[in-house]
Amino acid sequence: MELGISMFGDLRVDPITNKFQPAQQRLGEIIEEIKLMDELGLDYFGIGEHHRPDYAVSSPEILLAAAAVVTKNIKLGSAVSVLSSSDPVKLYQNFAMVDLLSNGRAELMAGRGSFIESFPLFGYNLDDYNGLFTEKLELLLKINQQQTITWNGKFRAPLNNQQVLPRAVNDHLPIWIAVGGTPESVVRAGVLGLPLMIAIIGGSPAQFNPLFDLYRSEYKKAGHDLAKLQVGIHAHAFFGENSDEIAAEYYPVYAGQMDRIGRSRGWSPYTKYQFDYGRQKEGALFVGDAAQAIDKILYVQEMFGLTRFAAHMDIGAPSHKDMMKSIEIFGTKIAPKVREALKK
């Protein structure tokens with residue numbers, strides 16, 4: 001199982017001025033954090049795409065290109081690229097360049113995204129939400145399979161015997177599908193034989209078992225090689241030396257961001273009860289010390305047969321110092337023990 005970290009590039013809020021941290025500062029911090037992940041031998045880093053004042057990253061591939069030249073081994077991917085409001089041609093070209101810069105370490109994770117700001121920003125109609133994703137995924141996969149494209153669709157100008165260049169290393173770019181729990185999206189990934197990442201950010205991971213079963217069933221039914229099946233989860237996580245202390249320190253940071261998002265979605269205020277439940281073994285939060293994290297990661301790995309676990313680590317924008325400490329604990333205390341246990 002690959003062990004990695006994902007982020008959205010959350011910006012800290014100044015408690016006095018109520019202003020967000022400068023995006024330039026956060027981008028520099030993220031590069032330092034990725035360098036540490038690489039030095040510690042973590043397998044994967046993913047960064048999300050957002051178009052809001054509380055996030056620093058609107059184009060994952062630009063950050064990943066910067067990371068490509070200061071790292072050596074870690075895989076670099078989006079988490080996610082909002083495919084519905086992107087041009088598949090340009091998206092492929094950008095990630096192919098990251099792949100070339102990183103010597104074959106780039107990945108593209110396509111999703112619908114959890115926010116809708118990109119649709120009006122790039123001139124798309126939300127009424128076409130489903131059609132946009134379906135058509136653009138079809139084109140992206142076709143581009144990944146062949147250099148010269150002839151194609152015609154509803155939402156983009158046709159392509160007539162046109163080359164899409166440059167090409168990714170080995171003329172193949174790993175493409176994942178990210179879902180939040182929609183069965184139709186899980187079925188699509190299984191039928192196409194694409195690696196699947198499921199976001200588990202609330203409730204109990206066990207509730208998602210039917211989606212994993214559905215994916216494997218559709219994957220097998222479509223005739224794909226089960227030996228090549230890849231499936232992972234993305235879960236909110238933060239690590240410290242002392243479980244109770246890190247939970248107490250992180251709760252107001254985490255709850256603050258959940259409430260900022262929740263106000264725009266009509267959610268009730270986030271509670272300490274939700275946080276404490278999520279930290280239990282059966283909950284969806286991976287917040288605590290190394291021993292807790294090891295047990296819980298192995299628990300979900302056994303439950304789902306995971307090939308990747310992504311600890312989403314910057315919800316609410318903890319300080320850079322705390323982020324570096326959490327990454328250090330993941331890389332030096334958690335990852336080695338998880339890998340050792342999985343070899344037995």
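Since the structure is predicted, the reported quantities are computational estimates derived from the model, not experimental observations.
The distance from the CD1 atom of I175 to the CG atom of N144 is 4.0 Å, given to the nearest 0.5 Å. Rounding to the nearest 0.5 Å gives a distance of 12.0 Å between CZ of F330 and CG of L36. In this structure, CG on L196 lies 9.5 Å from OG1 on T307, to the nearest 0.5 angstrom. The CG atom of N94 lies 10.5 Å from the CG atom of L64; values are rounded to the nearest 0.5 Å. Interatomic distance, CE of M109 versus CD of E49, reported as 13.5 Å (0.5 Å rounding). Taken to the nearest 0.5 Å, the CG atom of L306 stands 9.5 Å off from the CG atom of L342.
Distance alone, capped at 3.5 Å, is enough to place a donor-acceptor pair between the Q162 side chain and the N160 backbone. A donor-acceptor contact shorter than 3.5 Å links the side chain of Y219 to the backbone of D225. Using modelled atom types, one side-chain atom of S264 and one backbone atom of I261 make a donor-acceptor pair closer than 3.5 Å. Without hydrogens or angle criteria, K136 side chain to S84 main chain gives a donor-acceptor distance under 3.5 Å. With hydrogens and angles disregarded, no donor-acceptor distance shorter than 3.5 Å links the side chain of S81 to the backbone of A110. Under a 3.5 Å cut-off, the side chain of S78 and the backbone N or O of L108 do not form any donor-acceptor pair. Of the possible polar contacts, one joining the R105 side chain to the A68 backbone as a donor-acceptor pair under 3.5 Å is found. The backbone N or O of R12 sits less than 3.5 Å from a side-chain atom of Q21, completing a donor-acceptor pair. The backbone N or O of L165 sits less than 3.5 Å from a side-chain atom of Q93, completing a donor-acceptor pair. Not one N or O on the side chain of R52 forms a donor-acceptor pair closer than 3.5 Å with the backbone of F115.
For the pair R26 and Y55, the cation-pi criterion (under 6.0 Å, within 45° of the ring axis) is not fulfilled.
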**OP:** Check the pair I297 / M1 against side-chain contact (heavy atoms from CB on, under 4.5 Å), numbers first and verdict last.
**Re:** CA-CA 10 Å; I297 291 170; M1 178 175 62; 3.6 Å; yes

Original post:
Given the rule in the side-chain contact (heavy atoms from CB on, under 4.5 Å) test, do F212 and M303 qualify, once you have shown the distances and angles that lead to the verdict?
Top reply: CA-CA 10 Å; F212 286 93; M303 182 186 302; over 6 Å; no

**OP:** Might you work through the side-chain contact (heavy atoms from CB on, under 4.5 Å) test for T134 and E138, ending with a clear yes or no?
**Re:** CA-CA 6 Å; T134 300; E138 175 191 306; 5.7 Å; no

**OP:** List the steps and the verdict of side-chain hydrogen bond (donor to acceptor under 3.5 Å, both in side chains) for H50 and E117.
**Re:** CA-CA 8 Å; H50 294 91; E117 288 83 1; over 6 Å; no

**OP:** With side-chain contact (heavy atoms from CB on, under 4.5 Å) as the test, would you mind laying out the steps for E29 and M323 before giving the verdict?
**Re:** CA-CA 9 Å; E29 292 174 352; M323 285 289 296; over 6 Å; no

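If you chain together hydrophobic residues whose side chains sit under 4.5 Å apart, M197 and V82 never meet in one group. Hydrophobic clustering places V89 together with L141 (ILVMFWY residues linked when any side-chain heavy atoms are closer than 4.5 Å, directly or through intermediates). In this structure, Y270 is a member of the same hydrophobic cluster as I200, with clusters built from ILVMFWY side-chain heavy atoms closer than 4.5 Å. Residues V191 and L83 share a single hydrophobic cluster, defined by chaining ILVMFWY side chains whose heavy atoms lie under 4.5 Å apart. Hydrophobic clustering of Ile, Leu, Val, Met, Phe, Trp and Tyr side chains at less than 4.5 Å, counting indirect connections, keeps L27 apart from V13.
Within 6.0 Å of the CG atom in N18, the count of heavy atoms belonging to other residues, nucleotides or ligands does not exceed 12. Within 6.0 Å of atom CE in M97, 12 or fewer heavy atoms from other residues, nucleotides or ligands are found, so the atom counts as exposed in its surroundings. Applying the 6.0 Å contact sphere to CD of Q207 captures more than 12 heavy atoms from other residues, nucleotides or ligands. N103 CG: 12 or fewer foreign heavy atoms inside a 6.0 Å radius. K337 NZ: 12 or fewer foreign heavy atoms inside a 6.0 Å radius. Counting heavy atoms of neighbouring residues, nucleotides and ligands inside a 6.0 Å radius, atom CG of L229 exceeds 12 of them. Residue D14 places its CG atom among more than 12 non-hydrogen atoms of other residues, nucleotides or ligands, all under 6.0 Å distant.
Taking both residues in full, the closest heavy atoms of H51 and S58 are given as CE1-O, 3.7 Å, listed atom of the first, atom of the second, then distance. Among all heavy-atom pairs drawn from S6 and A79, the shortest one is CB-CB, 4.3 Å.
A donor atom on one side chain and an acceptor atom on the other are not found under 3.5 Å apart for T182 and R112.
With sequence neighbours left out, Y277 forms a ring-ring contact (aromatic ring centres under 6.0 Å, His included) with no residue at all. Here D87 pairs with R156 under the salt bridge (charged side-chain N to carboxylate O under 4.0 Å, His left out) rule; sequence neighbours left out. Taking the salt bridge (charged side-chain N to carboxylate O under 4.0 Å, His left out) definition, one finds that D289 meets it with nothing, sequence neighbours left out.
Each of R339, R308, K75 was scored for a salt bridge (charged side-chain N to carboxylate O under 4.0 Å, His left out) with D43, with one residue passing: R339. Among the candidates F286, Y299, Y44, the single residue satisfying the ring-ring contact (aromatic ring centres under 6.0 Å, His included) test with F309 is F286.
In summary, the aromatic rings of F119 and Y129 are positioned with their centroids under 6.0 Å apart. Close placement of the F8 and H312 rings is indicated, their centers lying within 6.0 Å of each other.
Under a 4.0 Å N-O distance rule, the pair K221/E218 qualifies as a salt bridge. Classification of K333 and E241 as a salt-bridged pair holds, one side-chain N sitting under 4.0 Å from a carboxylate O.
Side chains of I34 and I47 form no contact here, defined as non-hydrogen atoms less than 4.5 Å apart. The closest side-chain heavy-atom distance from T71 to M37 is not below 4.5 Å. Y254 has its side chain out of reach of Q274: every pair of non-hydrogen atoms, C-beta onward, lies at least 4.5 Å apart. Inter-residue side-chain proximity for F133 and I177 is flagged as met; some heavy-atom pair is nearer than 4.5 Å.
A parallel orientation is assigned to the rings of F238 and Y250, their planes being inclined by less than 30° (bins at 30° and 60°).
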